[in-house]
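For reference, the structure discussed in these notes is given below.
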Amino acid sequence: MSLFSSEDIFLVSGASRSIGKSIVYKLLEEGAKVAAIARSAEGLEQMKNESPAPENVFVYPADLTDTASIVPLVKRVVAECGRLKGMVHCAGILQTISFGSLKNRDKELFELNFHAGAELARGFSDRKACVGKGSGVVFISSIASEKAFPGGAVYAASKGAVNSLTLSLAGELAPRGIRVNAVLPGFVKTDMLDEMVQLHGEEILAKLDAQYPLGMGEPEDVAETVAFVLSDKAKWMTGSLIKIDGGGTLV
C-alpha cells in the first residue's frame with residue numbers, strides 16, 4: 001500500500017538534482033503530487049520529464065536566496081495546486097571556507113541553508129496553506145552540525161541553526177497537529193560530492209568512504225527516510241533530529 005494518496009501535495013525545494021530529486025521521485029512513487037522548487041528552470045523540466053509521474057509534478061523556478069519572495073511563492077503554489085500535506089527544505093550550499101577567510105562569504109550560505117527554510121515553513125504553516133493536522137515539515141540538515149570538519153564552520157553553523165529551528169517549530173506547531181523534523185545525512189553521492197572531487201582529487205572519495213562503517217550513502221537512502229517521516233506512519237514523531245549516516249558519527 002502506498003504511503004500517500006493523489007490528494008496529498010508536497011512542496012520540495014532543491015528539487016532538480018541529487019537528494020531533492022530523489023525525494024520528489026520517492027513521493028511520486030508513493031502516490032503523492034509534488035510542487036518542485038529549484039533555481040534552474042531547465043533542471044526542473046528535466047527532472048519532471050524523467051520522473052515516474054510527470055503529470056503530478058508542478059515546477060516553480062525560484063531563487064530562494066531572495067527570501068522576501070518565498071512566502072508569496074508558497075501562496076502561489078497553494079493557489080495553483082491546493083493546500084499542502086507537507087514540505088521539505090532540501091535546497092542548500094556546501095562550502096568549505098577557512099575561518100580566517102570568512103568576511104561576508106557566509107551570507108548567501110545562511111540565506112539558503114537556514115533563512116529560506118524558515119521562510120518556507122512560515123508560508124507553509126499558514127492556516128490557509130497546509131492541511132493542518134497530519135501535515136509535516138522536514139528540513140534536510142547534516143551530521144556536519146554535530147561532527148566537525150576543516151573549513152566547515154559556517155556550513156555547520158547554518159545546519160546547527162536548522163536543528164534549533166526544527167526543535168522550536170516542533171513545539172510551536174504541535175498544538176495544530178503539524179509535525180516538524182530534520183534529517184541529518186552524512187556525505188552521500190551527490191553533485192556536491194562531485195564538486196569536492198574536482199577540488200581535492202579522487203583520493204577524497206576513499207578518505208570519505210573510510211569514515212562510514214556502512215560506506216557512503218545514496219540520495220535514495222535519504223529519500224526513503226524523508227517519505228516515512230512525512231507519512232502517517234510517523235504520526236507520533238516530531239522534534240526529531242534523525243541521523244542517517246551509515247554510522248559516520250560512531251567513528
Side-chain angles (χ1 to χ4, degrees), residues 3-4 7-15 19-20 22-24 26-27 30 32-37 64 67 70-71 73-75 77-78 81-92 110-146 155-186 221-245:
L3 292 175
F4 309 111
E7 297 181 355
D8 294 328
I9 306 166
F10 294 92
L11 183 154
V12 179
S13 73
I19 293 174
S22 292
I23 291 170
V24 171
K26 179 60 180 176
L27 294 174
E30 292 292 345
K33 296 178 180 177
V34 179
I37 300 174
L64 295 184
T67 53
I70 291 176
V71 171
L73 174 61
V74 175
K75 289 181 179 179
V77 169
V78 173
C81 300
R83 293 170 73 197
L84 301 168
K85 170 77 170 178
M87 62 148 276
V88 183
H89 180 51
C90 190
F110 258 89
E111 287 291 343
L112 189 55
N113 290 5
F114 174 73
H115 293 295
E119 285 298 289
L120 282 171
R122 188 163 73 88
F124 171 83
S125 61
D126 185 282
R127 294 181 185 274
K128 295 179 181 179
C130 72
V131 299
K133 186 176 181 179
S135 61
V137 174
V138 172
F139 296 110
I140 303 300
S141 181
S142 171
I143 63 165
S145 61
E146 300 186 4
Y155 179 74
S158 72
K159 293 302 188 178
V162 169
N163 296 351
S164 295
L165 176 66
T166 299
L167 300 177
S168 296
L169 282 184
E172 186 171 333
L173 297 178
R176 292 174 51 198
I178 301 172
R179 300 178 299 106
V180 185
N181 297 285
V183 173
L184 284 60
D221 297 320
V222 182
E224 291 283 349
T225 301
V226 170
F228 170 77
V229 172
L230 287 171
S231 77
D232 291 339
K233 291 183 179 296
K235 62 183 177 64
W236 207 47
M237 179 184 290
T238 196
S240 296
L241 307 178
I242 306 157
K243 296 176 187 175
I244 174 168
D245 65 355

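Values in this document were obtained by computation on a predicted structure and should not be read as measured data.
Nearest heavy-atom pair across Ser145 and Ser141 is OG-OG, 4.0 Å. A pairwise comparison of heavy atoms in Cys90 and Ile23 identifies SG-CD1, 4.4 Å as the closest pair.
The backbone N or O of Ala91 lies less than 3.5 Å from a partner atom in the side chain of Ser13, making a donor-acceptor pair.
Listed by first and then second residue, the side chain to side chain donor-acceptor pair (under 3.5 Å) pairs involving residues 169-183 amount to none (not counting sequence neighbours). Pairs engaging residues 113-129 under the side chain to side chain donor-acceptor pair (under 3.5 Å) rule: Asn113-Ser158, Glu119-Arg122 [sequence neighbours left out].
Residues passing the salt bridge (Lys or Arg N to Asp or Glu O under 4.0 Å) test with Lys26, sequence neighbours excluded: Glu30, Glu224. Listed by chain and number, the residues in a side chain to side chain contact (heavy atoms under 4.5 Å, CB included) with Ser142 are Ala144, Tyr155, Lys159 (sequence neighbours excluded). For Lys33, there are no salt bridge (Lys or Arg N to Asp or Glu O under 4.0 Å) partners, not counting sequence neighbours. Among residues two or more places apart in sequence or in another chain, the side chain to side chain contact (heavy atoms under 4.5 Å, CB included) test is passed with Ala157 by Phe110. For the ring pair (Phe, Tyr, Trp, His ring centres under 6.0 Å) test, residues two or more places apart in sequence or in another chain that qualify with Phe10 are Phe4. By the side chain to side chain contact (heavy atoms under 4.5 Å, CB included) test, Lys233 pairs with Leu3, Phe228, Ser231, sequence neighbours left out. Residues meeting the side chain to side chain contact (heavy atoms under 4.5 Å, CB included) test with Ser22, sequence neighbours left out: Pro219, Glu220, Ala223. Applying the side chain to side chain donor-acceptor pair (under 3.5 Å) rule to Asp221 yields no partners; only residues at least two apart in sequence or on another chain are considered.
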Verdict with reasoning, Val12 to Ile37, per side chain to side chain contact (heavy atoms under 4.5 Å, CB included): CA-CA 6 Å; Val12 179; Ile37 300 174; over 6 Å; no
For residues 237-244, run the donor-acceptor check on the side chains, cut-off 3.5 Å, and write out each pair with its distance to 0.1 Å, sequence neighbours left out.
from, atom 1, to, atom 2, distance (Å)
Thr238, OG1, Val180, N, 2.9
Thr238, OG1, Val180, O, 3.4
Lys243, NZ, Glu146, OE1, 3.0

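A salt bridge links Lys85 with Asp232; the closest basic N to acidic carboxylate O contact falls under 4.0 Å.
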